[in-house]
Asks: 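I have a structure here, written as structure tokens, and I will follow up with some questions on it.
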Amino acid sequence: MSALHTPPDYDVEKSGIPGVSNSYEKDAIHYVPGQATVIPPGQQNELKKHLKGRHMQMIAIGGAIGAGLFVGSGSALSKGGPASLVICFAIIGGMILLMMQALAELAVMYPVNGAFYQYIVRFVDPSWGFAMGWDYAIQWLTILPFEITAAGLTIGFWGEYNIGIWIAVFLVILSGIQFFGVKGYGETEFFLSAIKIAACAGFIIFGIIVNCGGVPTDDRGYIGVKYWQSPEHAFRNGFKGFCSVFVTASFAFGGTELTGLAAAESDDPVRQIPKASRQVFWRISFFYVVNLFILGLIVPSSSEFLLNSSGANTKASPFVVAIQMAGVKGLPSVFNAVITISVISVANSATYASTRTLQAMASQGMAPRIFAYVDKKGRPIPTIILQLCFGLLAFINEASETGSVIFGWLLALSGLINFFVYGSICLAHIRFRSAWKHRGHSVDDLPFKAAFGVYGSYVGVVMNIMCLAAQFYTALWPDAEVFFSNYLALPMVVLFYTIWKVYTWIYQPEHRPMWIATERIDIYTGMREGQFIEGPDGRLMKPIPEDGGIVKPTGPLAIVKKVLGAFF
């Protein structure tokens, strides 16, 4: 951060923002919610900016497509029916789109390590940010052994093998990827996401052919909307069945926010993050909604195969079932290989998400100091080691009697955290806009503006609350164990929030309020290079745009172009 990033009349000490120095020289300011800077300037290696545009594009489009879509959608189809499946995924997709626009605006302005965790700490409340950061990190720490196990189980499609062998193999592969740092993550995601995208596109074409009766081995002929009508049902199990699909959809979309998390390691966040955020529209509409709509046309929701579609049971994957019902030989194995690749991809993303979040928290005094270390090649070695150690928990599945029970409760820790995180990102965007206006800046000063503005973030907060309520409704029955396994994330959030609130109540009285007052929000630390230039009078002013300040056209056509620009 250069001397031009903070207004000359901005007194940090009077603002009450802890841990921020009055020195505005580059790399001298560290926004630290703890008592002091954990790592002094100049004594910490930085993460490397090795993620290029093509990496960001693929991470945005296909980075998190995995077992949630290819397998979990089967249980959602069975519980809610084809109409609930499409509608709920579209609703969650819309919520994700609003969240990603808000996150992109913040990430372009503040391409800092830890991304949304930092934004929640700075713009909402340090205690709430502490809770979100730890719950988010724990989510990915526990998802890694699940995904490794899932990848091992997919091999069972071709024959029975000891799951421990494949767990070890995939752990070694992931360890090798980490050796190459963020570039290894980016290249792996680029390659694996390309395969997943090709598979999704191929299934859409295949499904249309099947539905029209174009497969000779399928004796059903023309299907049309047969499975949406009696004796089948477009909606199954009433309102509860509809609500149950929300959780599956949230899990399937999990990881979309990694685009914002990768901002600190992008070589050109100002251009790449907006482009990547626009790809979310295509990912939602094409790779999820269209795929699932086609799926609901060619696979009956009453199929008994779907009852076991959970985890990585690829034999019950609705995509594999669709191919088998069409009688096409060989293709089920091909799609099972795609599912295996997808699961490995999500495991790779889990390693990236947890390690970067923990490293950012440690550098801000909210996690053990050892996790703040980054080596000269930009690799957060201690957090990588911790994540891979969590990967060893996958071997719990070797205990046939107790392994699945222990593993199930570990996964319950991450059950609802996505809704909390996504809602908090939208809330952070709302608070940022409020502080931005309070400091005398206009929306035109922003390098990237969320397509739906601050109102989109308000809608995003409300939608996340509604999804939490829907999950609460479905979790109340049939017994207490089911409720706590589905809602365990809530007491975890409360626990972490209370821990940091009590700590700061004693040692940092300025953090006692429930949220940071607008006038005390720091909007200048970590701001992107070149956001402002110093004018003749010593005050900050917006730099002249690359087009030389040419006035852009206004009117209905300009509004249409602006809206379309959010998607293309």
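Numbering of residues begins at 1 and proceeds along the displayed sequence.
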Asks: Do any N or O atoms from the side chain of S244 and from the backbone of G241 form a donor-acceptor pair under 3.5 angstrom?
Replies: yes
Asks: Give me the atom names and distance for the closest heavy-atom approach of V320 to P332.
Replies: CG1-CB, 4.1 Å
Asks: Can you tell if the side chain of L388 reaches within under 4.5 Å of the side chain of L392, non-hydrogen atoms only?
Replies: no
Asks: Does the pair R433 and L106 meet the rule for a side chain to side chain contact (heavy atoms under 4.5 Å, CB included), with working shown?
Replies: CA-CA 10 Å; R433 281 289 190 95; L106 293 171; over 6 Å; no
Asks: Would you say that F191 contacts E187 through its side chain, given a criterion of any heavy-atom pair below 4.5 Å between the two side chains?
Replies: no
Asks: Are the side chain of R220 and the backbone of I298 linked by a donor-acceptor contact shorter than 3.5 Å?
Replies: yes
Asks: Counting only N and O atoms by type, is there a donor-acceptor contact under 3.5 Å from the side chain of S193 to the main-chain atoms of F190?
Replies: no
Asks: Please round to the nearest 0.5 Å and tell me the distance separating atom CZ of F235 and atom CZ of F242.
Replies: 6.5 Å
Asks: Is a side-chain N or O of T340 found less than 3.5 angstrom from the main chain of A151, in a donor-acceptor match?
Replies: no
Asks: Quick check: closest heavy atoms across P318 and L295, and the distance to 0.1 Å?
Replies: O-CD1, 3.5 Å
Asks: Evaluate the side-chain proximity of P82 to Y227: yes if any heavy-atom separation is below 4.5 Å, no if none is.
Replies: no
Asks: Quick one: closest heavy-atom pair of L306 and G74, and the distance?
Replies: CB-O, 3.7 Å
Asks: Give the intermediate values and the outcome of side chain to side chain contact (heavy atoms under 4.5 Å, CB included) for residues E189 and S349.
Replies: CA-CA 8 Å; E189 284 306 300; S349 297; 3.7 Å; yes
Asks: Using a distance-only test with no angle check, is there a side-chain donor-acceptor pair under 3.5 angstrom linking N418 and E257?
Replies: no
Asks: Taking all non-hydrogen atoms of both residues into account, name the closest pair between H429 and V454 and its distance.
Replies: CE1-CA, 4.0 Å
Asks: If you define the side chain from C-beta out and look only at heavy atoms, does anything of I223 sit under 4.5 Å from L297?
Replies: no
Asks: Taking all atoms of both residues into account, what is the closest heavy-atom pair of F70 and S73, and its distance?
Replies: C-OG, 4.3 Å
Asks: Within this structure, what is the CZ-SG distance for the pair F239 and C243, rounded to the nearest 0.5 Å?
Replies: 3.5 Å
Asks: Quick one, I294 and F206 - any side-chain contact, counting heavy atoms below 4.5 Å?
Replies: no
Asks: To the nearest 0.5 Å, how far apart are CZ in F253 and CD1 in I92?
Replies: 7.5 Å
Asks: What's the spacing between M132 CE and T357 OG1 if we round to 0.5 Å?
Replies: 12.5 Å
Asks: Can the ring centroids of F319 and F203 be said to lie less than 6.0 angstrom from one another?
Replies: yes
Asks: Mind checking whether V299 and L77 have side chains closer than 4.5 Å, heavy atoms only?
Replies: yes
Asks: Within a strict 4.5 Å, meaning less than it, do heavy atoms of the L103 and F116 side chains meet?
Replies: yes
Asks: Could you go through the side chain to side chain contact (heavy atoms under 4.5 Å, CB included) check for S302 and R236 one step at a time?
Replies: CA-CA 9 Å; S302 60; R236 292 172 60 88; 3.9 Å; yes
Asks: Using only atom types and a distance under 3.5 Å, with no angle test, would you say the side chain of T149 pairs donor to acceptor with the backbone of P145?
Replies: yes
Asks: Go through F419 and F246 one step at a time and tell me if the ring pair (Phe, Tyr, Trp, His ring centres under 6.0 Å) criterion holds.
Replies: CA-CA 10 Å; F419 291 132; F246 280 116; 7.8 Å; no
Asks: About how many Å separate CG of L174 and CD1 of I344, when rounded to the nearest 0.5 Å?
Replies: 7.5 Å
Asks: What I'd like to find out is whether the side chain of M325 reaches to under 4.5 Å of the side chain of P300, using heavy atoms alone.
Replies: yes
Asks: Going through the checks in order, is the side chain to side chain contact (heavy atoms under 4.5 Å, CB included) test met by I425 and Y119?
Replies: CA-CA 8 Å; I425 290 172; Y119 308 146; over 6 Å; no
Asks: From W134 CH2 over to L141 CG, what is the distance, rounded to the nearest 0.5 angstrom?
Replies: 8.0 Å
Asks: So, does Q387 use its side chain to make a donor-acceptor pair with the main chain of T355 at under 3.5 Å?
Replies: no
Asks: I need the minimum non-hydrogen distance between E232 and S301, along with the two atoms involved.
Replies: OE1-OG, 3.6 Å
Asks: What orientation do Y185 and Y352 show, parallel under 30°, tilted 30 to 60°, or perpendicular over 60°?
Replies: parallel
